[in-house]
Amino acid sequence: MEKTMVSRRSFLRASVIAGGGMMLAYYIEPLEKALAAPALPQFGPPVTLLPASFITIAPDGAITIMAKNPEIGQGVKVMLPMLIAEELDADWNAVEIEQADLIPEKYGSQIAGGSTATPTNWVPMRQLGAQCRAMLIAAAAENWGVPASECTTSPSHVHHEGSKRTASYGELSAKAASMPVPDPKTLKMKDPKDYRIIGHTQANPDIKKIVSGKPLFGIDHTMPGMLYANFEKCPVFGGKVSSANLDEIKTQPGIRYAFVVEPGPDPSALAGGVAIVADYWYQARHARDNVLKVVWDEGPTAKQGTDTYNATAEDLAKKDPGQTLRKDGDAEAVFAGLGVKVVEASYSYPFLSHVPLEPMNCSASFKDGKLELWAPSQIPSGGVAQAAAALGISQKDITLHLTRIGGGFGRRLTNDYVVEAAYIAKQVGVPIKLLWTREQDMGHDFYRPAGYHNLKGAVDASGKIVAWRNHFVTFGENGRFAQSAGLSGEEFPSRFVPNFSQLASMMPSGVPMGAMRAPGSNAIAFVMQSFIDELAHAAGRDPLQFRLDLLAQTPLPPAAPPPGTPVAFAPVAFDGPRMAKVLTTVGERSGWGKTKLPANTAMGVAFHFSHRGYFAEVAEVHVSKDNAIRVNKAWVVGDIGSVGAINPGAAQNISQGAVIEGMSHTMGYEITIDKGRAVQSNFHQYPPLRLTEAPKEIDIFFVKSDNPPTGLGEPALPPMIPAITNAIFTASGKRIRSLPIEPQGYSWA
Amino acid sequence: MAYKLTVNGEPHTVDVPEGTPLLWVIRDVIGLHGTKYGCGMALCGCCTVHINGEATRSCTTAIQNAAGKHVTTLEGLSADGTHPVQLAWEEIDVPQCGYCQAGQIMSASALLAKNPHPTDADIDAAMDGNICRCGTYLRIRKAIHRASEIAAKQSAKAPAAAAHS
């Protein structure tokens with residue numbers, strides 16, 4: 001286990017031990033499934049979480065809290081312990097945070113995905129803290145012979161006012177461990193106005209290690225006798241090795257093993273390729289780059305490419321749609337009628353690669369039939385399940401340690417690199433660290449799917465949207481969308497326009513696709529919010545007021561979920577007033593319509609609802625005559641529930657990061673496919689935003705609403721892209737209808 | 001082939017083939033993992049170290065070009081994490097995932113060594129080679145200004161030590 005600050009083993013293990021039982025029936029799987037992409041691995045049975053699994057209190061008062069979820073930079077390693085510590089009424093300065101291993105039967109679900117950590121843990125983590133606090137109070141009450149109900153707490157202390165007695169949590173912990181674990185339903189949670197930890201900025205628990213270069217990430221893991229591995233896969237997705245010059249590879253300096261790996265039953269878990277294992281990683285890489293010659297059996301995807309997809313999409317757009325996702329009223333009749341202004345436009349966006357800065361890696365040791373993994377994975381349980389299947393061993397024989405992760409963005413929701421490390425370690429019988437090159441990372445991603453939207457809308461004389469039709473052309477087969485390539489019939493402005501058709505057609509593709517930060521939304525917000533902007537301008541209305549008027553419509557009812565859908569699976573219906581509130585607020589904070597801007601400078605606005613969060617954003621953009629762009633300032637206003645932000649400093653950081661990422665999407669991110677393989681290979685062809693290009697200011701604000709807190713990893717990203725492109729239109733008169741904009745002649749100033 | 005170099009003040013002799021990037025000598029041969037691999041083409045700056053005081057991308061620096069020189073990695077920036085840039089990074093709580101920050105801190109500390117009071121434009125110029133995929137750029141700018149203040153205070157308190165460093 002990775003430790004923060006003081007070693008846990010240096011404490012007496014006077015942990016607060018629960019005696020098993022019925023508390024905290026912890027049933028979050030349906031919600032996770034509802035929030036996560038459809039094909040994500042299944043999670044285990046419901047787990048009863050116990051305070052002793054998460055909280056250890058040493059006699060000297062030091063409190064260790066386990067952080068259960070993978071930390072990818074979203075700040076969950078401090079956020080979940082904050083929830084526990086608040087209701088425990090812990091002295092936060094005495095808390096140390098320790099990264100948990102993957103033990104779902106002890107910790108429940110351990111994933112970083114779908115912005116689920118907050119909504120699924122808000123109640124259970126606080127309950128654990130409250131249970132532990134109650135046990136400490138019970139111990140004190142018994143010691144003092146007073147009723148527990150007369151005892152109170154202050155940070156890490158129990159008090160009895162009547163007898164003027166006080167005891168520290170450290171003194172009480174041994175006895176508290178023998179107290180029964182109370183039913184959380186009997187416990188009163190804190191009044192939010194009394195929060196000392198939640199809603200107050202708490203530092204990253206790994207900050208000292210990060211700034212001093214201590215080993216922390218998956219790539220930093222070492223083991224005695226460890227060798228280094230690289231795995232070269234067929235550049236065409238789904239291909240495999242026909243032959244390779246393995247004998248020549250084995251003569252290279254430091255090379256210990258070189259062998260062909262056949263594709264597993266699930267090639268998205270274990271693809272075909274060549275494994276090279278060496279004394280040092282650079283020897284494996286050097287052999288791969290300079291000596292390795294493979295004849296590949298490329299397979300059918302070699303005939304596919306962005307050009308063929310574009311042509312097929314254009315054909316499909318002219319044909320009748322394959323599916324109706326939602327239909328209200330009769331949009332076609334409105335378009336054909338009198339007294340409306342009709343606008344038609346086609347939008348598109350490319351495949352994207354996730355490019356977390358830490359390339360895919362995993363360390364593995366296979367000994368005596370048991371596998372041990374050190375995995376930077378967003379869904380480590382999926383890695384265990386897939387590794388067990390690929391190796392033909394039981395999941396019980398796999399131990400997985402969570403490492404800090406150098407960026408996730410959804411890439412590490414797929415565990416291919418975990419399976420590869422496990423497979424190679426078993427083959428060679430020596431502990432190995434598998435590391436991909438950047439080129440392998442960009443060339444073997446599960447890409448954000450490209451997509452095409454063919455839109456037609458109508459505004460009436462009063463400037464209201466009266467009809468909307470979207471024919472979405474995407475990837476999929478047999479009526480099923482490819483991973484992360486779908487669109488909901490409920491997607492806004494669905495329900496807010498009386499005559500509305502959301503339609504879809506699909507084409508097959510061999511390109512691996514997967515969820516990327518705010519999946520679906522990261523592309524759909526650009527399309528919907530741009531076209532709404534087009535309609536606002538067509539109606540001669542202010543784009544922000546036009547949106548407020550749209551949100552003020554009485555929405556049509558949401559579609560009923562299929563019969564038998566559990567309540568937690570039911571989609572969350574878009575809430576107009578919540579969005580209107582954040583939109584109004586971002587207008588006020590940005591000085592929308594009131595600020596006098598210099599020439600060729602304009603503000604753009606957009607909003608989007610995803611992952612249960614409501615976000616409205618404004619970008620102030622300058623466009624030069626030669627299409628050099630500067631985002632002078634950006635404003636983000638979000639509604640993620642009653643607390644505002646649980647950890648405000650981290651929330652500001654991640655939301656500013658969402659703006660930066662939106663800028664990268666807008667300008668330069670594009671993966672093109674040629675002959676079944678990714679064309680771009682490194683950052684010179686796929687440029688993340690750089691510091692020079694970043695705005696000087698990004699204003700982040702959270703409105704509080706009467707809703708339980710929800711996640712922040714994703715929903716701040718989608719609106720920034722259309723906020724920028726809408727600003728470009730107002731500043732220059734040029735409407736952006738495809739991403740990215742660099743191939744259209746734009747650059748950062 | 002054997003090469004001699006000094007890393008964080010300690011002499012090392014490493015036996016690696018000519019052309020081996022300094023990054024992999026530091027990480028896998030010497031065993032210091034603070035310096036990170038991100039791209040291998042000097043595009044992202046994760047691997048930034050100081051060679052004779054100059055911020056340098058170690059992923060494209062062949063070992064023979066580092067031989068005989070003084071290399072400083074993040075681990076060697078200070079004995080106890082109290083270099084002004086480290087203190088400022090901690091105070092501003094710059095990182096999200098943290099992976100790029102070794103390179104950011106090494107670029108920032110090289111900038112401040114030459115230019116103790118950089119403007120925003122100086123910072124942009126010095127830091128443009130360091131990608132932060134999480135987008136912590138606003139905090140990086142702020143932290144460099146803060147490090148400049150901390151360094152000024154440290155040298156006011158201990159002018160002799162500052163002159164020595």
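Each chain gets a letter, A, B and so on, in the order its sequence line appears, and its residues count up from 1.
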In terms of heavy-atom pairs under 4.5 Å, which option from [options] contacts chain B the most?
{"options": "A:G254, A:P359, A:P688, A:P687", "value": "A:P359"}
{"options": "A:M663, A:H286, A:E693, A:Q656", "value": "A:Q656"}
{"options": "A:S664, A:G649, A:A658", "value": "A:G649"}

If I measure from the heavy atoms of chain A, does [X] come under 4.5 Å with its side chain, its backbone, both, or neither?
{"X": "B:C134", "result": "both"}
{"X": "B:V85", "result": "neither"}
{"X": "B:D80", "result": "neither"}
{"X": "B:L87", "result": "neither"}
{"X": "B:I131", "result": "both"}
{"X": "B:Q101", "result": "side chain"}

Which heavy atom of [X] sits nearest a heavy atom of [Y], and at what distance?
{"X": "B:Y37", "Y": "A:R438", "value": "OH-N, 2.9 Å"}
{"X": "A:L357", "Y": "B:C44", "value": "CD2-CB, 4.2 Å"}
{"X": "B:P95", "Y": "A:I207", "value": "CD-CD1, 3.4 Å"}

Atom pair [atom1] ([X]) and [atom2] ([Y]), whose distance is rounded to the nearest 0.5 Å:
{"X": "A:S212", "Y": "B:E75", "atom1": "OG", "atom2": "CD", "answer": "8.0 Å"}
{"X": "B:L23", "Y": "A:W281", "atom1": "CG", "atom2": "CH2", "answer": "8.5 Å"}
{"X": "A:I654", "Y": "B:T136", "atom1": "CD1", "atom2": "OG1", "answer": "12.0 Å"}
{"X": "A:R690", "Y": "B:N130", "atom1": "CZ", "atom2": "CG", "answer": "8.5 Å"}
{"X": "A:T692", "Y": "B:M127", "atom1": "OG1", "atom2": "CE", "answer": "10.0 Å"}
{"X": "A:I660", "Y": "B:L138", "atom1": "CD1", "atom2": "CG", "answer": "6.0 Å"}

I'd like to check [X] versus [Y] (side-chain heavy atoms, cut-off strictly below 4.5 Å). Are they in contact?
{"X": "B:H33", "Y": "A:I219", "answer": "no"}
{"X": "A:L691", "Y": "B:I123", "answer": "yes"}
{"X": "A:I405", "Y": "B:C97", "answer": "no"}
{"X": "A:Q74", "Y": "B:Q96", "answer": "no"}
{"X": "A:Y282", "Y": "B:V25", "answer": "no"}
{"X": "B:K36", "Y": "A:D220", "answer": "yes"}

Need one label for [X]: side chain, backbone, both or neither, based on atoms under 4.5 Å from any heavy atom in chain B.
{"X": "A:F217", "answer": "side chain"}
{"X": "A:I72", "answer": "backbone"}
{"X": "A:E661", "answer": "side chain"}
{"X": "A:T437", "answer": "both"}
{"X": "A:Q202", "answer": "backbone"}

Can a cation-pi geometry be assigned to B:R133 and A:F409, taking NZ or CZ under 6.0 Å from the six-membered ring centre and within 45° of the ring axis?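 Yes, B:R133 sits over the ring of A:F409.
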Quick check against the 3.5 Å criterion: does [X] have a side-chain atom that pairs as donor or acceptor with the backbone of [Y]?
{"X": "B:D93", "Y": "A:A650", "value": "no"}
{"X": "B:Y137", "Y": "A:L689", "value": "yes"}
{"X": "A:N682", "Y": "B:C39", "value": "yes"}

Counting heavy atoms not belonging to [X], are there more than 12 under 6.0 Å from its [atom1]?
{"X": "B:K142", "atom1": "NZ", "value": "no"}
{"X": "A:H354", "atom1": "NE2", "value": "yes"}
{"X": "B:H70", "atom1": "NE2", "value": "no"}
{"X": "B:K4", "atom1": "NZ", "value": "no"}

Options B:L74, B:I105, B:I140, ranked by heavy-atom pairs under 4.5 Å with chain A, top entry: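 It is B:L74.
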For each of B:Q86, B:H83, B:R141, tally heavy-atom pairs with chain A at distances under 4.5 Å, and name the one with the top tally.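 Highest number of heavy-atom pairs under 4.5 Å: B:R141.
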Dump the intermediate steps for side-chain contact (heavy atoms from CB on, under 4.5 Å) on B:W24 and A:Y280, then the final yes or no. CA-CA 8 Å; B:W24 298 107; A:Y280 295 119; over 6 Å; no
